[in-house]
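Below is one structure, written out as structure tokens, with a few remarks after it.
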Amino acid sequence: MERVRVRFAPSPTGPLHIGGARSALFNWLLARKYNGTMVVRIEDTDLERSSPESEKNILDSLRWLGIDWDEGVEKGGPYGPYRQTERVEIYREYAQRLLAEGKAYYCYCTEEELEAERQALLARGEMPRYTGRCLRLTVAEKRRLEAEGRRPALRFRVPPGRVVTVEDLVRGPVRFETDGIGDFVIVKSDGIPTYNFAVVIDDALMKITHVIRGEEHLSNTPRQLLLYEALGFTPPRFAHVSLILGQDRTKMSKRHGATSVEQYRRMGYLPEALINFLALLGWAPEGEKEIFSREELIQEFSLDRVAKNPAVFDLEKLNWLNGYYIRQAPLAKIRELAVPYLREAGYITGQENPAWLDLVVQSVREYLTCLAEITQHVGIYFAPQVPPADEEAANVLRGEQVPQVLTAFSRLVEERDITTVEEAKAVLKDLTRMTRLGGKQVYLPLRVALTGRTRGPELYYILPILGREKLKQRVEAAFAWLGVEKPAP
RNA sequence: GGCCCCAUGGUCAAGUGGUCUAAGACACCGCCCUUUCACGGCGGUAACCCGGGUUCGAAUCCCGGUGGGGUCACCA
């Protein structure tokens, strides 16, 4: 069997979109599974909208996701260049051939003329399709038009009365009638090829065996098939994956929230979580497993388990998966990833003791859905003061046993070192012994005194994180809030 | 509007004529664990778009309808 060669061919007109990332992922999984080659090609023939910034963003996002490529832009390879604007000479050659063979012809219509024609067709209730009028131009007319300064576009002559069948790997055979397809432009008047033309030549020349892409390209495929035929190329196998929709079941766009990989990266989603999530969107593994490492995905992936129906992007599930990965990852890794968010919030300088930072992160990691959320949970450690946050907390602090508890606690703080979880646990245990009170009577008010809240991380994390000075200070503040004189030791 | 794709719980989805009184996951609800919340464990609510066929038998096959999506550019 021939070696699998797949490609991801983004157009650099914006950041890498979630949908694009999934297409890239599916291609990559197939390549890695069959020991094939992953090619990345940049389709920048839209001179207006393409930008180097977008290209960089896309490539960076791919790298961040761990989707690497063997051939392509920034990497080179035997079928380069891999940026379409650098390949115009190649396209020109094939265009000339089609022209010489009478399979393509020049069209001098202006945008206005085409629009007028479209409207006329629409008005008569007909399909808005190019009627092929420039096909009938005489040599003299062409000369006159050119003398006017008109630059022609090159149109492909679609053979009438035929049926083109796309043998789609996920959808099965899909038939299209060529009569429904107007003669389409393959080279624009500025000499730049259109998508449909360039993609065919590139995929053929780069020996691509499988084209896995979004469903929006399905109706383009018959045009491309016609071009493969006219050019004498063997077409690759096609697999069209359905689109990813927003919560309201329409195509995912900016108004649905974050749609680019970069945005998720910034919010503190882990690449392995995003990969896992994307794989599960439109593809189903054989068993009941839901958590997959990259390697497992490569092992399990197969095109015939790709779903045909469009999938709604479910942020809740991504959050769950990301939270899962955050909980599973080595603490040191999560700490490193969390530092930038804590610094940005002004909570830390980054010079802190790693062991202490570990405690901070560990105390709240199970609450996290994404790393950016960490700042909401660790605020209690850094706030200058922590008065009771609500009535419930205030009532807890007003308990009659509270002064006794706080007094005993402050004595322990003076006497003992509390820098580890173990030491903290011992102190807490001694506190109940000293006060001869039930746990709830002791720990809940202590929690409120130290954090202002009735809920939060384990006390045995809070104690060593705050440290002696802050513990003393917050106990004092609690006494002050109660309006009670701290009993002498 | 023409053409094309799609249709199982709120969401992702398994299911390819009988083992479906339909799996699993997220979300939701309850219980347990826990001297808080969360995590974790256990359990629960909840679905085959509608109508016709075919068949002894249909979520599964066929036709129609409805709904959603895509596409009809000198965008990709």
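Treat the numbers as computed from the prediction; the structure is a model and nothing was measured. Quick note on labels: first sequence line is chain A, next is B, and so on, each numbered from 1.
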Say you pick atom C1' in G10(B) and the same atom in C28(B); how far apart are they, in whole Å? 9 Å
Could you tell me the Watson-Crick or G-U partner of C74(B), where both distances fall under 3.5 Å? Say none if there is no partner. none
Both distances below 3.5 Å, Watson-Crick or wobble geometry, any strand: find the nucleotide opposite U36(B). none
Is it the case that the side chains of D46(A) and Y195(A) hold a donor-acceptor pair, with the cut-off being a distance below 3.5 Å and no angle test? no
Using the C1' atom as the point on both nucleotides, what is the distance between C49(B) and G30(B), in whole Å? 32 Å
When the distance from CD1 of I192(A) to P of C75(B) is rounded to whole Å, what number comes out? 10 Å
With P as the reference atom in both, quote the distance from U71(B) to C62(B) in angstrom, rounded to an integer. 27 Å
For K251(A), answer base if it contacts any base atom (sugar-phosphate contacts may also be present), sugar-phosphate if it contacts only those atoms, and nothing otherwise; contact means non-hydrogen atoms under 4.0 Å. sugar-phosphate
With a 4.0 Å cutoff (strictly under), does any side-chain N or O of R327(A) reach OP1 or OP2 of G40(B)? yes
Rounded to whole Å, the CG-P distance (L318(A) to A27(B)) equals 12 Å
Euclidean distance for C1', G18(B) against G24(B) (whole angstrom): 23 Å
Taking ring pair (Phe, Tyr, Trp, His ring centres under 6.0 Å) as the definition, give me every residue that meets it alongside H256(A), ordered by chain and number, with sequence neighbours left out. none
Regarding N319(A), tell me which of base, sugar-phosphate or nothing describes its non-hydrogen contacts under 4.0 Å with the strands shown. nothing
Would you measure the distance from the P atom in A14(B) across to the matching atom in C6(B) and give it in whole Å? 14 Å
Please report, rounded to the nearest Å, how far the C1' atom of G24(B) is from the CD1 atom of I291(A). 13 Å
Nearest listed nucleotide, side chain of R171(A), among A23(B), C6(B), C4(B): C6(B)
Y443(A) side-chain proximity, nearest of A76(B), U35(B), A27(B): U35(B)
Send over the distance from Q376(A) CD to C37(B) C1', rounded to a whole Å. 14 Å
Checking only heavy atoms, does the side chain of R49(A) share a donor-acceptor pair with the base of C75(B) at less than 3.5 Å? yes
On a whole-Å scale, what distance lies between the C1' atoms belonging to A23(B) and C48(B)? 14 Å
For E300(A), which residues count as a side chain to side chain contact (heavy atoms under 4.5 Å, CB included) partner, sequence neighbours excluded? W283(A), F292(A)
Does OP1 or OP2 of C75(B) have a side-chain N or O of K188(A) closer than 4.0 Å? yes
Residues which pass ring pair (Phe, Tyr, Trp, His ring centres under 6.0 Å) with F184(A), listed by chain and number, not counting sequence neighbours: F156(A)
I want to verify a distance call: between A76(B), C74(B), A38(B), whose nearest atom is closest to the L114(A) side chain? C74(B)
Does some side-chain heavy atom of I67(A) sit less than 4.5 Å from a side-chain heavy atom of I275(A)? yes
Checking A76(B), A23(B), G70(B) against the side chain of E43(A) (C-beta onward), the nearest is A76(B)
Measure up the F301(A) and F26(A) rings against each other and bin them: parallel (under 30°), tilted (30 to 60°), perpendicular (over 60°). tilted
For E458(A) and U35(B), what is the distance between atoms CD and C1' respectively, to the nearest whole Å? 10 Å
Nearest whole Å is fine: how far is C5(B) P from F238(A) CZ? 16 Å
Would you say the side chains of S242(A) and N309(A) form a donor-acceptor pair under 3.5 Å? no
For the side chain of F176(A), counting heavy atoms from C-beta on, which of C4(B), U36(B), G24(B) is nearest? C4(B)
From G69(B), A27(B), G70(B), nucleotide with atom closest to T250(A) side chain: G69(B)
So P10(A), base contact, sugar-phosphate only, or nothing? Heavy-atom distance under 4.0 Å. nothing
Nearest-Å distance once atom C1' is located in both C42(B) and C50(B): 39 Å
Among C74(B), C5(B), A76(B), the one nearest V185(A) by side-chain distance: C74(B)
To the nearest angstrom, how far is H217(A) atom NE2 from G69(B) atom P? 19 Å
NZ/NE/NH1/NH2 to OD/OE distance under 4.0 Å, R150(A) and E141(A): no
Under a 3.5 Å cut-off for both distances, is A7(B) Watson-Crick or wobble paired, and to whom? U66(B)
Reading 5' to 3' through nucleotides 7-16 of chain B, protein heavy-atom contacts under 4.0 Å coded B for base, S for sugar-phosphate only, - for none: SS--BBSSS-
Check this for me: does the side-chain of S219(A) come within 3.5 Å of the base of C72(B) through a donor and an acceptor? no
So which nucleotide does C20(B) pair with, by the Watson-Crick or G-U wobble rule with both distances under 3.5 Å? none
Non-neighbouring partners of R41(A) that pass salt bridge (charged side-chain N to carboxylate O under 4.0 Å, His left out), sequence neighbours left out: E43(A), D202(A), D203(A)
Taking for each residue the nucleotide of RNA chain B with the nearest heavy atom, is it K289(A) or E111(A) whose nucleotide lies nearer the 5' end? K289(A)
Please identify each residue that fulfils side-chain hydrogen bond (donor to acceptor under 3.5 Å, both in side chains) with N395(A), with sequence neighbours left out. R398(A)
I'd like to know if the side chain of K289(A) reaches the main chain of I291(A), judged simply by a donor and an acceptor atom lying under 3.5 Å from each other, with no hydrogens or angles considered. yes
Reckon T45(A) has a side-chain N or O less than 4.0 Å from the OP1 or OP2 of A76(B)? yes
Which nucleotide wins on minimum distance to the side chain of V174(A), given the candidates C4(B), U36(B), A38(B)? C4(B)
Can a side chain N or O of R455(A) be found less than 4.0 Å away from OP1 or OP2 on A38(B)? no
Now, which nucleotide makes the Watson-Crick or G-U wobble pair with A47(B), with each of the two distances under 3.5 Å? none
Which value, in whole Å, describes the distance between the P atoms of nucleotides A76(B) and G67(B)? 34 Å
Name the residue closer to the 5' end of RNA chain B, choosing between S189(A) and E177(A) according to the nucleotide with the nearest heavy atom. E177(A)
Rounded off to whole Å, could you give me the CG-to-C1' distance for the L243(A) and C4(B) pair? 13 Å
Watson-Crick/G-U partner (both atom distances under 3.5 Å) of C31(B): G41(B)
